[in-house]
Amino acid sequence: MPEAELLKEAERQLMICNACRYCEGYCAVFPALELRRTFTKGDLIYLANLCFDCRDCYYACQYAPPHEFAVNIPKLTAELRVNTYRDFSWPAILSGLFKRNGLATSLITTGSLIVILLLVLAFKGPAVLFGAHVGEGAFYRVVPYAAMTVPPLIITLYGLAVLLAGMFRFWRETRGGLSAVIDPGALGRATQDAFGLKYLRGGGVGCNYPNANFSQLRRWFHHLVFYGFLLDFASTSVAAFYGHFLGWPAPYPLLSWPVVLGTVGGIGLLIGTSGLLYLKFKSDRLPAEGRMLSMDIAFLALLLLTSLTGMLLLALRETPAMGTLLVIHLGTVGGLFITAPYGKFAHMVYRYAALVRNSIEQRRRDYP
Ligand code: SF4
Ligand code: SF4
């Protein structure tokens with residue numbers, strides 16, 4: 001839908017909600033919209049990014065399609081969120097990656113894999129892919145240490161810069177001002193809400209996901225993905241510290257911190273991403289938005305592939321399959337990090353910013 005039309009439609013639906021107020025116990029969106037009589041573009045962006053797509057309001061709504069009012073808040077907010085990710089990303093020329101995100105993610109990941117494979121073939125030769133490598137520095141006999149650390153670091157810093165620039169634009173558009181700096185209590189509460197996935201509890205009984213029945217499954221799978229990702233990140237950081245500062249090269253023993261953290265995180269990611277993908281495929285399409293669905297599936301599939309190849313690499317690291325698995329794993333990790341600022345990963349920064357904004361607003365309402 002063209003932007004002007006979408007904003008008008010959003011205002012129409014939210015005006016109905018403001019008069020109805022039936023859903024105010026489900027999440028933070030409804031209490032926040034009730035503080036407003038009219039909605040600026042910044043208000044709509046803020047409210048959309050507060051929505052966790054739990055769909056409780058959709059199944060509870062007496063005005064949802066086929067009613068002539070056609071109120072469909074999860075679909076509406078998802079469309080606004082995709083536009084937020086696209087409009088606030090940088091550089092503008094790459095914002096098209098949000099349009100056909102599934103295709104873009106597949107092509108970039110395949111490209112990353114091919115580049116790494118060609119570089120290994122050119123500099124190390126094909127034999128390195130099929131020989132067994134064991135002992136200290138085994139991985140670096142296939143892909144040198146510098147090649148395994150410098151490009152990922154540059155890509156990660158670039159991704160962080162793009163996401164932080166997007167967060168800054170979000171904050172400016174929603175007129176957050178300096179409120180976050182002067183209200184650390186609100187920051188703490190928003191962080192607690194984000195880490196506890198508070199609004200995936202719905203009104204307390206869970207999401208209406210994948211259908212009209214209440215369930216906590218989505219929240220638990222999301223927890224496994226989120227904390228699994230953090231544990232894997234911690235594992236990589238500890239391994240980098242060992243290699244760079246202590247001079248202990250990978251691979252590490254099974255009972256070392258990098259392997260234990262990586263294994264627990266990897267198992268969490270495998271279960272969480274498979275579960276969320278299953279729920280996505282089973283989910284009702286009426287409250288869904290096409291571009292968001294494609295983005296969700298691409299991101300989850302790539303995370304699943306990354307954790308699967310990582311676990312296989314761990315299990316088979318002392319066999320002749322190690323070289324090939326290492327190239328495949330690095331290719332998928334490359335795809336994940338290159339596409340991070342241009343896909344579903346971006347939701348983390350905007351949702352967190354919206355939670356901070358909401359926390360500030362709530363404290364001002366409760367303690368004027
Ligand atoms: S989604 Fe429907 S039931 Fe809920 S507040 Fe809006 S109009 Fe009312
Ligand atoms: S889908 Fe859930 S989180 Fe989003 S507005 Fe409706 S009740 Fe709130």
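Both backbone and side-chain heavy atoms feed into the values below; hydrogens, waters and symmetry mates do not. Read the numbers this way: they start at 1 and go in the same order the structure lists the ligands and their atoms. Note that this is a predicted model, so its numbers are computed, not measured.
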Is it the case that the side chain of [X] and the backbone of [Y] share a donor-acceptor pair, with hydrogens and angles ignored and the cut-off at 3.5 Å?
{"X": "T110", "Y": "S106", "result": "yes"}
{"X": "D43", "Y": "T40", "result": "yes"}
{"X": "S359", "Y": "L187", "result": "no"}

field: Proximity flag F52 to ligand 2, non-hydrogen atoms under 4.0 Å
entry: yes

- prompt: Knowing that exactly one of I114, V120, I116 qualifies, which makes a side-chain contact (heavy atoms from CB on, under 4.5 Å) with L118?
  reply: I114

Element-labelled atoms of ligand 1 that are located less than 4.0 Å from some non-hydrogen atom of Q62: 3 (S)

Which of the atoms in ligand 2, numbered in the order shown and given with their element, are less than 4.0 Å from a heavy-atom of [X]?
{"X": "C54", "answer": "1 (S), 2 (Fe), 3 (S), 7 (S)"}
{"X": "R55", "answer": "1 (S), 2 (Fe)"}
{"X": "C27", "answer": "3 (S), 5 (S), 7 (S), 8 (Fe)"}

- line: For residues 285-301, the salt bridge (charged side-chain N to carboxylate O under 4.0 Å, His left out) pairs (sequence neighbours left out) are K280-D296, E289-R291, D296-K344

Ion pair E5/K8, N-O distance below 4.0 Å: no

- prompt: Should the pair R55-D53 be classified as a salt bridge under the 4.0 Å nitrogen-to-oxygen rule?
  reply: yes

- request: Decide yes or no for Y46 and E173: does some side-chain heavy atom of the first lie under 4.5 Å from some side-chain heavy atom of the second?
  value: no

field: Atoms of protein origin (N, O or S) under 2.8 Å from atom 4 (Fe) of ligand 1
entry: C23 SG

- prompt: Are the aromatic ring centres of Y209 and F221 under 6.0 angstrom apart?
  reply: no

Residue, atom name and distance, where the atom is the protein heavy atom closest to atom 4 (Fe) of ligand 2: C51 SG, 2.3 Å

